[in-house]
Amino acid sequence: MDRRSLLRSAALAALLAAGGCAGRDDDAVTFFFQARPEEARARLRIIDEFHRRRPDIRIRTIMSGPDPLQQMLTYCAGGKCPDVLMAWELLYAGLADRGVLVDLREFLDREPDYATRLRADGYATLRDTFVWDGGQYALPEQWSGVFLYYNRKLFAEAGIRPPAHWSEAWTFAEFLAAARALTRRDADGRTGQWGFVDAWVPYFSAACFGMNNGVEWFSPPVRPTSTNLGDPRFAAGFQFYADLAVRHRVAPSVGDRQSVSAQDLFRSGRAAMLMGGHWLYSEFTGHDDLDFDVTVLPIGPGGGPGAITDIGSTGLAIAASSPRREQAWEFVKFATGPEGQAIIAESGLFVPVLRSAMQSPGFAAAHPALRNLEVFTEGPENSRPLAVTPVWGKVEALLERGCNRVLRGAATAASLGGQTSADIDQLLRAAV
């Protein structure tokens, strides 16, 4: 762990220990989540406001380590499952399938008026991500789909104007032309400015390019039985992403990425575009020498008419073994409902999941420098799930092995349609 990470971890531990509702209280609702220090502060604001309104219900926070799924399974197997658990789009199905989570229809069906209002105010794309075998196992709390950050100054100097709406996406060809124009090398061929860098998981990003060429990554996305890695359109989109570094050299290679982070390149003006999510926004604000905005992903010849992104949502779930289900529901209801979402919107650290919060003055005020706020406000409706399956961990191991060879230039994306796809399909079908 480097010094910066150590200091941030220490600060986070102190922050949570100092939280008014985070003390050791056996009657408290335990809340398990993962967060960076800035995000933890936003969550503590929600907890503090909830406690102000419901002083009879106390919340005790439990911070996740680097492997939240394994940590949750360990807690629950030992009879100490937290009452409220942060649920990840890609991970929650494994818990729901094991009976670890409560079907929240138990509570929603008791409050039909509230459930109707929540449904009308929310986004079906996010809500339905947490539907497993007909049950609602979590309610969304934030949208974290990916998009592109861009350096306004560098774009203006190059005479490039990126799109501001998902419905007005640029093409792969237009995106590549922009990345080429924004890449700078010296006389010795050393790159001083990259056109594009990626701060996400590279093969996830490549999959988004595949999806933007007209094909889902998995079919169907929820409880899939097959992967579309071998579909020519998906493979072409995946290969386009890989070629940004391998062939066109407008993005750092796998080796280049070992020496400097994408965030540092973008923050220092050495990269014109960065692929990532809203979780990076706070890292880029407050730098007077960085004038940035956001834009959408490009679409391939088989995609469109508009661009799409991943759902990337997290939600809040309740443990089936919780002895404090009613109190836990009151907290989940608050955090994922209008009151909690308004706090999220005003914090500027998350993108809320309710239209009322997304369109509130507080959300706009939290992003004063952005002109293309619609990239956020239109994001949920233009999001698609990557895969929701209880065997995601095993699928991911196969994906990482095969996809990383493509990203290094050691294989083509079309090759993923062979043994890698066959092995993944076998796993998926065995889980149905």
Side-chain angles (χ1 to χ4, degrees), residues 12 15-35 38-64 72 75 80-87 100-122 126-127 130 136-142 313-350 352-358 360 362-363:
L12 177 55
L15 172 69
L16 292 173
C21 302
R24 299 293 300 185
D25 185 343
D26 291 339
D27 293 327
V29 171
T30 49
F31 175 27
F32 176 90
F33 67 93
Q34 187 177 57
E38 297 86 353
E39 296 168 341
R41 291 186 184 94
R43 293 194 184 280
L44 288 179
R45 282 188 59 198
I46 293 172
I47 292 171
D48 289 345
E49 180 59 23
F50 174 75
H51 184 60
R52 189 184 70 80
R53 300 185 186 205
R54 291 297 305 266
D56 56 314
I57 302 176
R58 298 187 65 80
I59 306 296
R60 178 161 61 86
T61 57
I62 302 174
M63 279 296 296
S64 165
M72 285 188 281
Y75 276 133
K80 297 181 179 180
C81 200
D83 301 300
V84 177
L85 305 102
M86 187 174 178
V100 172
L101 307 180
V102 170
D103 181 353
L104 297 181
R105 291 180 303 174
E106 172 184 326
F107 307 101
L108 292 167
D109 290 349
R110 283 189 338 216
E111 303 182 44
D113 291 343
Y114 174 76
T116 298
R117 293 195 303 273
L118 189 68
R119 179 173 291 269
D121 200 9
L126 307 188
R127 182 178 60 250
F130 296 106
Q136 185 79 53
Y137 285 95
L139 291 177
E141 61 154 354
Q142 63 167 314
S313 182
T314 62
L316 296 183
I318 297 175
S321 62
S322 172
R324 293 170 284 271
R325 284 194 189 192
E326 296 300 327
Q327 299 97 315
W329 166 244
E330 290 302 320
F331 176 67
V332 169
K333 179 181 171 183
F334 177 83
T336 63
E339 298 93 343
Q341 288 294 297
I343 295 172
I344 283 177
E346 293 167 1
S347 76
L349 290 168
F350 304 115
V353 296
L354 297 183
R355 299 172 197 274
S356 57
M358 193 85 83
S360 68
F363 185 63

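For the numbers below, each heavy atom of this structure counts, side chains included, while hydrogens, waters and symmetry mates do not. The residues of the chain are indexed from 1 along the displayed sequence.
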K.L.:
Take Glu106 and Val102, measure what side-chain contact (heavy atoms from CB on, under 4.5 Å) needs, and give me the verdict at the end.
P.N.:
CA-CA 8 Å; Glu106 172 184 326; Val102 170; 3.6 Å; yes
K.L.:
Return the CD to OG distance between Gln341 and Ser356, rounded to the nearest 0.5 Å.
P.N.:
8.0 Å
K.L.:
Of the non-hydrogen atoms in Ala319 and Cys81, which two are nearest, and what is the gap between them?
P.N.:
CB-SG, 3.7 Å
K.L.:
When rounded to the nearest 0.5 angstrom, what is the spacing between OG1 in Thr30 and CZ in Phe331?
P.N.:
11.0 Å
K.L.:
Is the NZ or CZ atom of Lys333 both under 6.0 Å from the centre of the six-membered ring of Phe107 and within 45° of that ring's axis?
P.N.:
no
K.L.:
Tell me which one of Glu339, Glu49, Glu330 satisfies salt bridge (Lys or Arg N to Asp or Glu O under 4.0 Å) with Arg54.
P.N.:
Glu330
K.L.:
Does any N or O in the side chain of Glu111 come within less than 3.5 Å of the main-chain N or O of Thr116, such that one atom is a donor and the other an acceptor?
P.N.:
no
K.L.:
Hey, are Arg324 and Asp83 close enough for a salt bridge, meaning a charged N less than 4.0 Å from a carboxylate O?
P.N.:
yes
K.L.:
If you take all heavy atoms of Leu349 and Ala42, which pair is closest and at what distance?
P.N.:
CD1-CB, 3.8 Å
K.L.:
As an exercise, state the distance from CG of Leu126 to OG1 of Thr336, rounded to the nearest 0.5 Å.
P.N.:
12.0 Å
K.L.:
What are the two closest non-hydrogen atoms of Ala138 and Phe130, and how far apart are they?
P.N.:
O-CB, 3.3 Å
K.L.:
What distance separates His51 NE2 from Ile57 CD1, expressed to the nearest 0.5 Å?
P.N.:
10.5 Å
K.L.:
Between Arg355 (side chain) and Gly122 (backbone), is there a donor-acceptor pair under 3.5 Å?
P.N.:
yes
K.L.:
Hey, mind stepping through Phe33 and Arg43 against side-chain contact (heavy atoms from CB on, under 4.5 Å) and telling me if it holds?
P.N.:
CA-CA 9 Å; Phe33 67 93; Arg43 293 194 184 280; 3.2 Å; yes
K.L.:
Looking only at heavy atoms, which two atoms of Ile344 and Glu141 are closest? And how far apart?
P.N.:
CD1-O, 3.5 Å
K.L.:
Ignoring hydrogens and angles, tell me if any N or O in the side chain of Ser313 forms a donor-acceptor pair with the backbone of Gln142 under 3.5 Å.
P.N.:
yes
K.L.:
Please answer whether the main-chain N or O of Ile318 pairs with a side-chain N or O of Tyr137 as donor and acceptor at a distance below 3.5 Å.
P.N.:
no
K.L.:
Spell out, as yes or no, whether a donor-acceptor pair under 3.5 Å connects the side chain of Asp121 to the backbone of Leu354.
P.N.:
no
K.L.:
Does Glu346 use its side chain to pair, donor to acceptor, with the backbone of Gly348 at less than 3.5 Å?
P.N.:
no
K.L.:
Nearest 0.5 Å, please: how far is CE in Met86 from CZ in Phe31?
P.N.:
7.5 Å
K.L.:
Mind listing the closest non-hydrogen atom pair of Gly337 and Tyr114 along with its distance?
P.N.:
CA-OH, 3.6 Å
K.L.:
Can you confirm whether Arg127 sits close enough to Gln136 that some side-chain heavy atom of one is under 4.5 Å from a side-chain heavy atom of the other?
P.N.:
yes
K.L.:
If you measure from CD on Gln327 to CZ on Arg58, what distance do you get to the nearest 0.5 Å?
P.N.:
13.5 Å
K.L.:
Check the pair Val100 / Met72 against side-chain contact (heavy atoms from CB on, under 4.5 Å), numbers first and verdict last.
P.N.:
CA-CA 9 Å; Val100 172; Met72 285 188 281; over 6 Å; no
K.L.:
Start with the C-alpha gap between Phe32 and Val84, add the side-chain angles, then the distance that decides, and say whether side-chain contact (heavy atoms from CB on, under 4.5 Å) holds.
P.N.:
CA-CA 6 Å; Phe32 176 90; Val84 177; over 6 Å; no
